[in-house]
Novice: 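This is the structure I want to talk about, given as structure tokens.
The chain is numbered in sequence order, starting from 1. Note that this is a predicted model, so its numbers are computed, not measured. Just so you know, ligand 1 is whichever comes first in the structure, and atom 1 is the first atom listed for that ligand.
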Amino acid sequence: MISHLRKNEHLNKEMQVFDTIKELQAAISIQKGTSKKVGFVPTMGALHKGHLSLVELALKENEVVVVSIFVNPTQFNNPDDLKNYPRTLESDLELLKDLSPDFVFAPAVDEIYPAKGIVKPAVNLGLLEKTMEGKHRPCHFNGVVQVVARLFEIVQPDKAYFGSKDFQQLAVIKEMTRQLKLPIEIASGETIRDADGLAMSSRNVLLSAEQRSEASGISKALFYIRDNWKVKSAAELCSEAIRRIEKNGLMKVEYLELADSNTLETIHSFDQSPVPRIFTAVQVGKVRLIDNIGIIKGDD
Ligand code: PAF
């Protein structure tokens, strides 16, 4: 155990923090023995309100809640991104203590990937790994599948929670769970935004003040598309959105694409899908941010 119990005096509840699989599984199995429903929120730490909203949801829907904090090296295709990814375990634990999930699992890399290696799950992601994030971050989803399958195997939850900001990741995890026939329900939480619309992301803390203020232009451009989809063509709206994001020269759009929410197939007009969704990845200096919104109001 890397740290002893963290007690939330207000809730009179204790949160146990583990860094070994053995201790975590022993603690979970005591609870499982009483057939309690286990909810799981996997994270890479640097927690923000988006993560906390998933933990809150998990606490409402399950009797036992596990949160993992693990910066997974295999899903980073850029070594600098991995090196610079914020690691804030102590403040993460403080934030979690306020909600008091039962267990926090914060393992080291060799606990998740022991020397003997871990068999990668055999899943065929098809289009999901060829489009958008899959195309621009080669091998990223391989790493996500690898770590999420490993964490699922360790925690064996009944239900696991992922944010919709990473909409393509959510689709990948649903597909992986389906192909591996895992008895785990995958739930999603809505994208949580700052007051100016910027989607909350662990990477936002890496932005300078100027970049942070500029970055609100990303969601504004997506909302501009949603507000005008009935009166202008998709092509016109997408090129105007890119122009708006890039207008001050501080941000560069990597992709901005319209796709079907269910299949993630690219579409070129709004009537090609009952659930069109706009996806973007934007480079803000050295920081890469992603966002997406459903075009039909209510399909956030
Ligand atoms: O979304 C994340 O934070 C990560 O990709 C996840 C799902 C925890 C896997 O490392």
Novice: Of all the atoms in ligand 1, which lie at a distance below 4.0 Å from a heavy atom belonging to Gln75?
Specialist: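 This gives 4 (C), 5 (O), 9 (C), 10 (O) as the contact atoms.
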Novice: Cationic tip of Arg150 within the cone over Tyr113's six-membered ring, i.e. under 6.0 Å and within 45° of the normal?
Specialist: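 No.
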Novice: Between Asn72 and ligand 1, is there a nitrogen or oxygen pair with a distance under 3.5 Å?
Specialist: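 No, since none of the N or O atoms of Asn72 sits under 3.5 Å from an N or O of ligand 1.
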Novice: Indicate, as side chain, backbone, both or neither, the part of Thr43 found under 4.0 angstrom from ligand 1 when only non-hydrogen atoms are considered.
Specialist: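 The backbone, only.
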Novice: Considering only heavy atoms of Val147, which atoms of ligand 1 have at least one such atom less than 4.0 Å away?
Specialist: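 Taking each heavy atom of Val147 in turn, ligand 1 has 9 (C), 10 (O) under 4.0 Å.
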Novice: Given Phe279 and Thr266, is the side-chain contact (heavy atoms from CB on, under 4.5 Å) satisfied, shown in steps?
Specialist: CA-CA 10 Å; Phe279 295 83; Thr266 304; over 6 Å; no
Novice: Just checking, any donor-acceptor pair under 3.5 angstrom between side chains of Lys120 and Gln146?
Specialist: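 On atom types as modelled, these side chains do not qualify, holding no pair under 3.5 Å.
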Novice: Considering heavy atoms of the protein only, find what lies nearest to atom 1 (O) of ligand 1 and give residue, atom and distance to 0.1 Å.
Specialist: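 Looking only at protein heavy atoms, the one closest to atom 1 (O) of ligand 1 is Gln169 NE2, 2.8 Å.
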Novice: Does Glu63 have more than 12 heavy atoms from other residues, nucleotides or ligands lying within 6.0 Å of its CD?
Specialist: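 It does: Glu63 CD has more than 12 such atoms within range.
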Novice: side-chain contact (heavy atoms from CB on, under 4.5 Å), that's the test. Do Gln272 and Glu265 meet it? Break it down for me.
Specialist: CA-CA 10 Å; Gln272 275 182 283; Glu265 270 169 41; over 6 Å; no
